[in-house]
Amino acid sequence: MGTFLQTLFVGLRLGSVYALIALGYTMVYGIIRLINFAHGDIIMVGGYTLVTVPILTAAGLPAWTAVILGFVICALVGVAVELIAYRPVRKKGTNMSALITAIAMSLLLENLAQAIPAIGPDPKIASQIFSSGGITVSGVMLDYKTIYTIIISALIMCALYLFTQKTKMGRAMRCVSEDKEASILMGVNVNTTIVATFAIGAGLAAVASLMYVAQYPKVYTTMGSLLGLKAFVAAVLGGIGIVPGAMLGGLVIGLVESFSTSYISSSLSDTFVFLILIVVLIIKPAGILGKNVGEKV
């Protein structure tokens, strides 16, 4: 029982991180039908924000302010990527050129980070933002980092869902996602909506990155590659373009990875993650919560 609970908590923690990252993929895809491959490298930017924790604490600020700093920095990077790279391609390019641009931006961010002297190619140990210790649940030690990650992620996901359903900007996002041309006729500023979507998605990736690094305190320039890939799998699994689907997909991927590592083999955990994706897409190509929609020709 103890092993099961420990594995469950680890799976929920990982799943919460994947879900937050997957929300960025699914929001951008829902708005402009683009797979933002640079999203994984925004995770890396958020991770390096924790390097500034000693500076913040020396200035008399609490360590958790690094989360706010990371959110702002990553949101700005996300907006810059949209304005500099994606918007010109959307206006004059094709879907293929947009996809190539997304891959190019991913490589650019990775190599740019390695070229910055303060970062460089060598891994860095990140500072902690959560207090040590924990509580005991049914004989299992549950550390505060896991508790905070699960609770904060759940609150953020609920807040995002309410934001998309109840606010004017959220309704504009859903409107643009359904029909961009009709949104323009209804007075929705599509460019502003797209920029806001990139900012929110990138900010959520920063929060997820900081929570992940709090558990695994090593930051390096390619850390976002595998994290981003698994989060993308989670978005597709749940139904890409659907916010609840990203949440569900992230939790499923986290639990599958945790239980396969604990009960089968750690070297095969990623295999089971991608195997389940293949099986689900064969049975239901649109994802768990997606709807199969016929294409007009």
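This one's a predicted model, so the numbers in the text were calculated from it and none came from an experiment.
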Response to the item:
Looking only at heavy atoms, the pair that brings Leu12 and Leu255 closest together is N-CD2, 3.9 Å

Response to the item:
Correct closest heavy-atom pair for Val243 and Thr26 would be CA-CG2, 4.2 Å

Side-chain donor or acceptor of [X] paired with backbone N/O of [Y] under 3.5 Å:
{"X": "Ser260", "Y": "Glu257", "value": "yes"}
{"X": "Arg33", "Y": "Gly30", "value": "yes"}
{"X": "Tyr25", "Y": "Gly228", "value": "yes"}
{"X": "Thr149", "Y": "Lys145", "value": "yes"}
{"X": "Thr7", "Y": "Phe259", "value": "no"}
{"X": "Ser262", "Y": "Ser258", "value": "no"}

Return the [atom1] to [atom2] distance between [X] and [Y], rounded to the nearest 0.5 Å.
{"X": "Tyr220", "Y": "Glu110", "atom1": "OH", "atom2": "CD", "value": "11.0 Å"}
{"X": "Thr101", "Y": "Ile84", "atom1": "OG1", "atom2": "CD1", "value": "13.0 Å"}
{"X": "Arg90", "Y": "Ile194", "atom1": "CZ", "atom2": "CD1", "value": "4.0 Å"}
{"X": "Gln215", "Y": "Asp143", "atom1": "CD", "atom2": "CG", "value": "5.0 Å"}

Worksheet item: Going by heavy atoms in the side chains, are Arg87 and Val195 under 4.5 Å from each other?
Response: yes

Worksheet entry | Given Asn36, Val81, Asp41, the one that forms side-chain contact (heavy atoms from CB on, under 4.5 Å) with Ser106 | Asp41

Worksheet item: So which of Leu237, Val252, Val236 actually passes side-chain contact (heavy atoms from CB on, under 4.5 Å) with Val280?
Response: Leu237

Worksheet item: Yes or no on side-chain contact (heavy atoms from CB on, under 4.5 Å) for Met173 and Phe163, after CA distance, side-chain angles and deciding distance?
Response: CA-CA 10 Å; Met173 289 177 178; Phe163 173 82; 3.9 Å; yes

Worksheet, complete the sentence: Residues pairing under side chain to side chain donor-acceptor pair (under 3.5 Å) where one sits in residues 168-181, two or more places apart or in two chains, turn out to be none

Worksheet item: For Tyr161, does the OH atom have more than 12 heavy-atom neighbours from other residues, nucleotides or ligands under 6.0 Å away?
Response: no

